Protein chains: 2
Amino acid sequence: MSKQLPLVAMDACCAPLARDPLTAEQSVELSKLFKAMADPVRLRLLSLIASHTGGEACVCDLTEDFDLTGPTISHHLKVLRESGLITGQRRGTWVYYRVHPEVLARLAAVLVPGDRVAEGTAAR
Amino acid sequence: MSKQLPLVAMDACCAPLARDPLTAEQSVELSKLFKAMADPVRLRLLSLIASHTGGEACVCDLTEDFDLTGPTISHHLKVLRESGLITGQRRGTWVYYRVHPEVLARLAAVLVPGDRVAEGTAAR
DNA sequence: TCCTTGGATAGATGATTATCTAATCAGGTG
DNA sequence: CACCTGATTAGATAATCATCTATCCAAGGA
């Protein structure tokens with residue numbers, strides 16, 4: 001499960017938006033992450049998973065919170081998976097998802113105004 | 001110009017994703033911001049404006065960087081404007097745009113993993 | 001082995017959306 | 001005023017996407 005794509009935008013990006021203009025390539029990579037989060041259902045899924053006890057949540061837990069069919073939830077989880085924001089793992093009957101916090105942190109670092117605090121490699 | 005919408009998601013949101021699950025309403029509000037950034041062109045526009053000297057950029061500066069027609073750029077600027085991420089101001093012949101850093105900061109605070117640092121009002 | 005339950009895939013459909021051309025508006029300048 | 005340039009609006013179109021139903025796969029329990 002989970003083709004475990006090359007974790008888009010992890011290497012590709014980048015200085016805070018307000019520091020340097022994005023290149024065309026960087027903006028394409030970054031936009032994939034934002035696109036993945038540009039849906040209310042996916043945002044809620046993300047927060048449900050991220051805030052769930054143990055840092056992971058079973059699909060069965062997630063489905064209940066929405067007035068949506070299983071396949072639709074599955075579709076949204078796939079989008080999140082392929083963007084590199086979450087990973088899924090099957091354990092017995094159930095599939096558990098967890099968030100990749102580094103990706104979220106990366107994204108946050110891009111948004112933060114001018115502060116160089118959250119910068120990547122040479123942190124702090 | 002710029003209907004100056006109620007700055008969506010400024011009041012509506014919210015604790016970091018990993019802290020508490022978003023409500024349906026919060027996720028709808030938040031998704032508007034992410035949707036606005038879920039396009040390579042708009043991301044680049046945002047970074048071009050934010051990183052431009054003086055914190056603002058004329059539309060005429062922006063158009064040059066893309067292989068797109070004027071109306072298309074105008075459309076993207078409108079989307080960014082209506083999301084509350086930027087504002088436009090006409091000065092003589094030209095229109096200048098600038099970013100709302102608080103909105104970006106707010107968004108960053110939502111993404112940041114567990115740290116309670118960037119929390120809003122009753123911090124900590 | 002067969003059935004049941006959790007989850008994903010396939011394919012269809014209606015709604016959004018990114019882009020274009022054409023037309024319009026707003027300010028200067030001759 | 002007539003005209004030019006910068007920018008937005010209007011309307012059309014092709015592509016993307018969120019959702020559904022139907023089907024299928026995976027793992028356990030009778």
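Since this is a predicted model, take the numbers as computed values, not measurements. Just so it is clear: chains get the letters A, B, ... in the order the sequence lines come, proteins before strands, and each one is counted from 1.
B:L48 has its side chain within reach of A:P21: a pair of non-hydrogen atoms, C-beta onward, lies under 4.5 Å apart. Within the 4.5 Å cutoff, the side chain of B:H76 has no heavy atoms near those of the B:L80 side chain.
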Query raised in the report: Along nucleotides 21-30 of chain C, 5' to 3', which nucleotides get a B, which get an S, and which get a -, given that the test is a protein heavy-atom distance under 4.0 Å?
Result: BB---SSS--
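Under the 6.0 Å distance and 45° angle rule, A:R91 counts as a cation-pi partner of A:Y96.
DNA chain D is contacted by both B:K78 and B:W94; B:W94 maps to the nucleotide lying nearer its 5′ end (nearest heavy atom per residue). Heavy-atom distances to DNA chain D give each of A:V41 and B:V59 a nearest nucleotide, and the one nearer the 5′ end belongs to B:V59.
Rounded to whole Å, the distance from CG on B:D61 to C1' on D:dT5 is 15 Å. Between the C1' atom of D:dC17 and the CZ atom of A:F34 lies a distance of 20 Å, rounded to the nearest Å. Nucleotide C:dG7 holds its P atom 13 Å from the CD1 atom of A:I86, rounded to whole Å. We find that CG of B:L62 is positioned 9 Å from P of D:dA7, with the value rounded to whole Å. If you take CZ of A:F66 and P of D:dC20, they are 12 Å apart, rounded to a whole angstrom. Atom CD in A:E82 sits about 11 Å away from atom P in D:dC17, given to the nearest Å. Straight-line distance from the CD1 atom of B:I49 to the P atom of D:dA7: 12 Å, rounded to whole Å. At whole-Å resolution of the value, CD in B:Q89 and C1' in D:dA7 are 15 Å apart.
Among B:E56, B:H52, B:R81, B:Q89, the one residue that satisfies the side chain to side chain donor-acceptor pair (under 3.5 Å) test with B:Y97 is B:R81. Of the listed residues (B:V99, B:V79, B:L104, B:I49), just one forms a side chain to side chain contact (heavy atoms under 4.5 Å, CB included) with B:L85, and that residue is B:L104.
Checking D:dA18, C:dG7, C:dA18 against the side-chain heavy atoms of A:R42 singles out D:dA18 as nearest. Out of C:dA8, D:dT19, C:dG7, the shortest distance to the side chain of A:H75 is found at D:dT19. With distances taken from any side-chain atom of A:S74 to the nucleotides D:dG6, C:dA8, D:dC17, the minimum falls on C:dA8.
No continuous path of hydrophobic side-chain contacts links A:V28 to A:M37 [ILVMFWY only; heavy atoms under 4.5 Å].
Between C:dA8 and A:Y97, a contact under 4.0 Å exists linking OP1 or OP2 to a side-chain N or O.
Among the protein residues, A:H76 comes within range of the sugar-phosphate backbone only, with heavy atoms under 4.0 Å from sugar or phosphate atoms but none that close to a base.
Taking CG of B:L30 as the start and NZ of B:K35 as the end, the distance is 12.0 Å to the nearest 0.5 Å.
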